[in-house]
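Here the structure comes first, spelled out in structure tokens, and everything after it is commentary.
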Amino acid sequence: MDIYGTKQIRNVVLLGHGGAGKSTVAEALAYLTGVTKRMGKVSDGNTISDYDKEEIKRQFSISTTMVPIEYQGAEGKVKINLLDTPGYFDFVGEVEEAVSVADAAIIVVNCKAGIEVGTEKAWELCEEYRLPRIIFVTNMDDDHASFRELILKLEKQFGRKIAPFQVPIRENEKFVGFVNAVKMEGRRFTNLSDYEECEIPEYTKKNLGIIRDALIEAVAETSEEYMERYFSGEEFTQDEIYTAVQTNVCQGNIVPVMMGSGINCQGFHALLNAIDRYFPSPDEAGECIGVDVSNGERFTAKYNDEVSLSAKVFKTVVDPFIGKYSLMKICTGVLKPDSTIYNVNKDAEEKIAKVYVLRGKEVIEVPELKAGDIGAVAKLAVTQTGDTIALRTAPIVYHKPKISTPYTYMRYTAKTKGDEDKISSALSKLMEEDLTLRAVNDAENRQTLLYGMGDQHLDIVVSRLLNEYKVEIELSRPKIAYKETIKKQSDVEYKYKKQSGGHGQYGHVKMTFEPSGNLEEAFTFEEKVVGGAVPKNYFPAVEKGLQEAVLKGPLAGYPVVGIKATLYDGSYHPVDSSEMAFKTATIQAFKKGIMEASPVLLEPIVSLKVTVPDEYTGDVMGDLNKRRGRVLGMTPVNGGKQVIEADVPMMELYGYCTTLRSMTGGRGIYEYQFARYEQAPNDVQEKEIANRAAEE
């Protein structure tokens, strides 16, 4: 592969709903530019971007894949770095990583399916990252696909930015070509995406007139001079139209809508031409924003290969067979092989042997990568996703990609005893690759938890562990971290006496237990012993006994909190008393005292925020009430959405991700954080105590 300067690079992310045809678009573009000799199909499992076993088995993308292609544009050769992203919401972390380094986006929409949830989410991401975008409509070969209807929906949903650049030509209900509204010329497909000029059909002229007028109006709005010419009825030249359109597309004021058929590989020459002509190169797209570590001040840099090297690692690929690759976007300077780089985040130097670009699973060695380009380096020891590479003399840290937090979790256990270490090692590799996956050791409840973006995400992790790392785990419902406390005061005594030849054991305590009012702490200990009934040197043993006893309460074996324990009397034996005896006496007194002080189970309560479109608020609030939630309020936010805030018991959120998605058609999102502990209702307590007794 040739070396490309910053001006010749286009970094384009493919976004859209799952199944809209993103991987097919990438495949068609790769085929047309000579990367492959035949076009692969998702259904056949032979596309460039969906090469993982799980992707082939399930027939959808799971991770973001790089597909760099070279295209002979109007002003010379350009390199287009396509980032093919998953469409399903469980893999949103992959999309967020790709969007963080893209300079423009193609939102793929299936003409028959129309605007789907993934289309809306793709648009929102583009708005958030201010990405110029083209909407590419696939499936135009379908008899029931109405382009005009789709345009009306797009305009209603996304406003006046929508600008169709093409009108379809159909003959005998077949998609045979299109009219280019910018050039006002007909195009008939000859072989795949190749086309020849043709007459503009009469039936398209009415629609074409409306589209053309809107386009010329947008061009006129780019300057006062153009506006005057427009009102005086003067025509714009072709070059003036192109320049104005390019400016507007780069600024996000115009979103061109183009069309094609992925299966028949039609319409992609025009798309390649548009990517080259309308999308910005990295230096036109914006700046790299970070922090200068030497002085803590904000730092901005233009993409420029004539200054010192800096790059941001946006993704890590860990393959059990070919090893680890760190994917990075070069922000400034040139990345060369056989060099030493400095990881600013880790304050460590790393050796680079070779520099690569990845194309699907293919690894291509390159002589160097210039500013704005995307490539990979193998086997970096300490570098992780989000780290910045720079010179030690000019330490810059760029912002990390903003990655969603996982809230769906399950308990996991090894299917085969003794596999725990292997599982832990495999999971750490998967977590290095996937920042939305977390494995947590919940020591308090003696369980290991796996967090992900949804049930499908966790299901795929289980499958990958088995196929790639040859270890099996089982997922089950997680235990809830209940706690125990008391409602009343109790007064107990316990005498521990043991005689077995030689020294015996003797410890005798009289204690009161009452609520401390502080559920943040397990217990407070006070002694009010008068006249040396219990010598001072045994007080620490009593406290140690309490420390041990609160770990496992007598009600259901959960940790005890909010207790005030007072030692007020007791007795000792000058020979047989020991620390061990007093500790044991305290533990037994504790068990007795707690059971006599109206013990109750406390359950964790979380503060939940659910963001949903207005029309779903009633359903969501009804469902939260069923989950024993207390709705605290609603706040309207942009895009006709509401944020519902509620306090909900943690145990009631099991399976909430799936319920919310089915209730809102995938449009609802939620987040939560632990708030406090509250007394669980009697029925919940009784059920949990019975369950624990059965387990014991």
Side-chain angles (χ1 to χ4, degrees), residues 1-2 4-16 20-35 48-49 65-85 98-99 101-109 122 126 129-138 163-166 178 180-183 187 192-195 241-243 245-252 254-262 265-286 303 329 357 359 372-374:
M1 189 173 270
D2 296 343
Y4 289 86
T6 310
K7 287 253 177 255
Q8 301 164 285
I9 293 164
R10 306 285 182 272
N11 295 314
V12 182
V13 62
L14 292 169
L15 301 171
K22 296 178 293 301
S23 296
T24 306
V25 167
E27 193 67 24
L29 294 173
Y31 174 61
L32 279 185
T33 51
V35 170
I48 296 175
S49 50
T65 310
M66 283 286 305
V67 185
I69 58 175
E70 297 167 288
Y71 172 65
Q72 187 62 48
E75 293 174 17
K77 223 171 175 192
V78 291
K79 178 188 184 190
I80 303 167
N81 288 318
L82 292 172
L83 293 137
D84 181 20
T85 66
V99 168
V101 292
D103 302 315
I106 293 171
I107 299 177
V108 181
V109 179
C126 290
Y129 284 86
R130 294 185 180 152
L131 286 183
R133 69 215 76 147
I134 286 173
I135 291 176
F136 188 77
V137 180
T138 59
F165 275 25
Q166 298 168 342
F178 61 89
N180 181 331
V182 182
K183 282 188 174 174
R187 308 272 188 245
L192 303 177
S193 274
D194 293 343
Y195 52 72
I241 292 172
Y242 275 134
T243 307
V245 167
Q246 204 239 1
T247 306
N248 271 298
V249 171
C250 285
Q251 289 171 354
I254 285 182
V255 176
V257 183
M258 302 180 72
M259 67 181 79
S261 160
C265 196
Q266 293 170 324
F268 292 99
H269 271 314
L271 181 61
L272 282 165
N273 193 22
I275 291 170
D276 171 38
R277 184 165 252 149
Y278 301 130
F279 277 167
S281 56
D283 58 327
E284 296 165 332
Y303 288 94
K329 185 179 189 183
V357 293
R359 183 186 283 143
D373 211 344
I374 294 173

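What you see is a predicted model, and the numbers here were worked out from it, not measured in a lab.
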| said: Quick check: do Ile275 and Val78 have side-chain heavy atoms less than 4.5 Å from each other? | reply: no

Within the structure provided, determine whether Val109 and Val257 are in side-chain contact (heavy-atom separation under 4.5 Å). no

_Sub-4.5 Å side-chain heavy-atom contact between Ser281 and Ile9_ = no

Interatomic distance, CD1@Ile106 vs CG@Leu29, rounded to 0.5 Å, equals 6.5 Å

- Given side chains that start at C-beta, do those of Ile69 and Leu272 come closer than 4.5 Å, heavy atoms only? yes

Exactly one candidate in Thr247, Ile134, Val249 meets side chain to side chain contact (heavy atoms under 4.5 Å, CB included) with Ile254; the answer is Val249

Notebook entry, point to check: Is the closest side-chain heavy-atom distance between Val182 and Arg277 below 4.5 Å?
Noted result: no

One should read off an interatomic distance between Asp373 CG and Thr6 OG1, to the nearest 0.5 angstrom, of 8.5 Å

Between Pro256 and Arg133, the two heavy atoms sitting closest are CD-O, 3.4 Å

So CG of Leu32 and CG of Asp194: to nearest 0.5 Å the spacing works out to 7.5 Å

Exercise. Report yes if some heavy atom in the side chain of Phe165 is under 4.5 Å from a heavy atom in the side chain of Val245; otherwise report no.
Key: yes

Of all heavy-atom pairs linking Ala28 and Cys265, the shortest is CB-SG, 4.0 Å

Point to revise | Donor-acceptor under 3.5 Å (Lys22 side chain, Val108 main chain) | key: no

* Is it true that a side-chain atom of Lys329 and a backbone atom of Val101 form a donor plus acceptor pair closer than 3.5 Å? -> yes

Smallest heavy-atom separation, Asn180 atom then Lys183 atom, equals OD1-N, 3.0 Å

All heavy atoms of Pro280 vs all of Ala104, minimum pair found to be CD-CB, 4.3 Å

Between the CG atom in Leu15 and the OG1 atom in Thr85, the distance rounded to the nearest 0.5 Å is 5.0 Å

Can you confirm if the aromatic rings of Phe136 and Phe268 lie within a centre distance of less than 6.0 Å? yes

Kindly determine whether Thr24 and Glu27 satisfy side chain to side chain donor-acceptor pair (under 3.5 Å), including the steps that lead there.
CA-CA 5 Å; Thr24 306; Glu27 193 67 24; over 6 Å; no

So OH of Tyr31 and OG of Ser193: to nearest 0.5 Å the spacing works out to 10.0 Å

With under 30° as parallel and over 60° as perpendicular, where do the rings of Phe178 and Tyr195 fit, or are they tilted in between?
-> perpendicular

Closest non-hydrogen atoms of Ala270 and Gln166, given as atom of the first, atom of the second and distance, are CB-NE2, 3.6 Å

Separation between CG (Asp103) and CD1 (Ile374), nearest 0.5 Å, reads 7.5 Å

- prompt: Are Ser23 and Asp84 close enough that a side-chain donor and a side-chain acceptor fall under 3.5 Å?
  reply: yes

Criterion side-chain contact (heavy atoms from CB on, under 4.5 Å) on Val13 and Leu131, from CA distance to verdict:
CA-CA 10 Å; Val13 62; Leu131 286 183; 4.2 Å; yes

In the structure I gave you, are the side-chain heavy atoms of Met66 and Leu83 within less than 4.5 Å of one another anywhere? yes

Closest non-hydrogen atoms of Asp276 and Gly73, given as atom of the first, atom of the second and distance, are OD2-CA, 3.1 Å

Any donor and acceptor pair, going by atom type alone, linking the side chain of Gln246 with main-chain N or O of Thr243 inside 3.5 Å? no

Quick one: are Asn273 and Tyr71 in side-chain contact, heavy atoms under 4.5 Å? yes

Notebook entry, point to check: Does Arg10 reach the main-chain N or O of Lys7 with its side chain, forming a donor-acceptor pair under 3.5 Å?
Noted result: yes

